[in-house]
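In what follows, a structure is listed as structure tokens, so that the remarks can point back to it.
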Amino acid sequence: KVELVESGGGSVQAGGSLRLSCEASTFAYSQYCMAWFRQNAGKEREGVAAIVGGSSSAYYYSDSVKDRFSISQDNAKKTIYLQMNSLKSEDSAVYYCARAPRPCWEIRAGSSVDYQYWGQGTQVTVSS
């Protein structure tokens, strides 16, 4: 069983930065698609960024965060990160880490239905 634990959420003013972390309980994310999603109450879960486990390059960014957010990973720590810069009030949401059962190129990387394992979520609040 893969367990994902997010951390790093909090409150920040618009224009500020936060870094989210997601630690995997197993190292079985190599070659699988790892991603960050976000969700607000009453809305669908939105894909933010994705990376292939073990890869140094991001595979996917949503248009709304491109050039502001950066996904990365540290294989030694079994952790993926989401660096969020130039935060806007519309970035406020619960952020979730997820792992798909296949590589990013075999799924719809920005679609939550293609992911199998989920963390518990961490709240990000951006005040204007």
Side-chain angles (χ1 to χ4, degrees):
K1 179 182 178 182
V2 174
E3 292 186 351
L4 303 170
V5 180
E6 302 101 333
S7 61
S11 297
V12 65
Q13 290 191 331
S17 299
L18 281 174
R19 189 177 79 158
L20 306 182
S21 300
C22 171
E23 183 176 0
S25 63
T26 73
F27 196 62
Y29 67 56
S30 181
Q31 298 185 5
Y32 296 111
C33 199
M34 301 291 298
W36 287 98
F37 286 79
R38 64 187 183 186
Q39 187 174 27
N40 283 302
K43 295 188 177 181
E44 291 187 359
R45 197 163 288 190
E46 173 193 8
V48 174
I51 191 168
V52 177
S55 168
S56 60
S57 300
Y59 183 84
Y60 165 84
Y61 288 109
S62 68
D63 289 341
S64 61
V65 306
K66 201 172 293 183
D67 298 326
R68 297 189 299 122
F69 290 12
S70 177
I71 188 170
S72 62
Q73 62 187 322
D74 184 330
N75 288 340
K77 296 181 178 180
K78 299 182 291 184
T79 301
I80 65 168
Y81 303 98
L82 184 69
Q83 178 66 44
M84 305 184 295
N85 299 325
S86 302
L87 283 161
K88 306 175 182 180
S89 57
E90 52 262 45
D91 294 319
S92 296
V94 177
Y95 283 71
Y96 297 91
C97 174
R99 200 207 84 172
R102 292 185 294 277
C104 294
W105 54 84
E106 293 185 10
I107 66 168
R108 295 162 296 179
S111 175
S112 61
V113 298
D114 286 359
Y115 288 79
Q116 183 176 15
Y117 300 103
W118 294 87
Q120 81 287 352
T122 185
Q123 177 71 49
V124 171
T125 302
V126 184
S127 57
S128 56

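Counting begins at 1 with the first residue of the sequence. What you are looking at is a predicted structure, and each value in this text was computed from that prediction instead of being measured.
Note that CD1 of Ile107 is 7.0 Å distant from CZ of Arg102, once rounded to the nearest 0.5 Å. With rounding to the nearest 0.5 Å, the separation of OG in Ser7 from CZ in Arg19 is 9.0 Å. Distance check: Tyr117 OH to Cys97 SG gives 13.5 Å after rounding to the nearest 0.5 Å.
Considering only heavy atoms from C-beta on, Phe69 stays 4.5 Å or farther from Ser62 through its side chain. By the 4.5 Å heavy-atom criterion applied to side chains, Glu46 and Val65 are not counted as neighbours. Counting heavy atoms from C-beta on, the side chains of Tyr95 and Glu6 never come closer than 4.5 Å.
When hydrophobic clusters are built by joining Ile, Leu, Val, Met, Phe, Trp and Tyr residues whose side-chain heavy atoms come closer than 4.5 Å, directly or via intermediates, Leu4 is grouped together with Val124. A continuous path of Ile, Leu, Val, Met, Phe, Trp and Tyr side chains, each step under 4.5 Å between heavy atoms, connects Leu20 with Val12, placing both in one hydrophobic cluster.
Using modelled atom types, no side-chain atom of Thr125 and backbone atom of Ser92 make a donor-acceptor pair closer than 3.5 Å. At distances below 3.5 Å, not a single donor-acceptor pair connects side-chain atoms of Tyr115 with backbone N or O atoms of Met34. Although no hydrogens or angles enter the test, the distance criterion places a donor-acceptor pair under 3.5 Å between the side chain of Asp74 and the main chain of Lys77.
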Per-pair distances, 0.1 Å, donor-acceptor, side chain in residues 47-61, under 3.5 Å, sequence neighbours excluded:
unit_1: Ser55; atom_1: OG; unit_2: Ser57; atom_2: N; d: 3.1
unit_1: Ser55; atom_1: OG; unit_2: Ser57; atom_2: O; d: 3.3
unit_1: Tyr61; atom_1: OH; unit_2: Ile71; atom_2: N; d: 2.9

Identify each donor-acceptor pair in which a side-chain atom of residues 80-87 lies under 3.5 Å from a protein atom, sequence neighbours left out, and give them as a table.
unit_1: Gln83; atom_1: NE2; unit_2: Asn85; atom_2: OD1; d: 2.9
unit_1: Asn85; atom_1: OD1; unit_2: Ser17; atom_2: OG; d: 2.9

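Taking a cutoff of 4.0 Å between a charged side-chain nitrogen and a carboxylate oxygen, Asp91 and Lys88 do not qualify as a salt bridge.
Minimum interatomic distance between Arg45 and Phe37 (heavy atoms only, all atoms of both residues): CG-CB, 3.6 Å.
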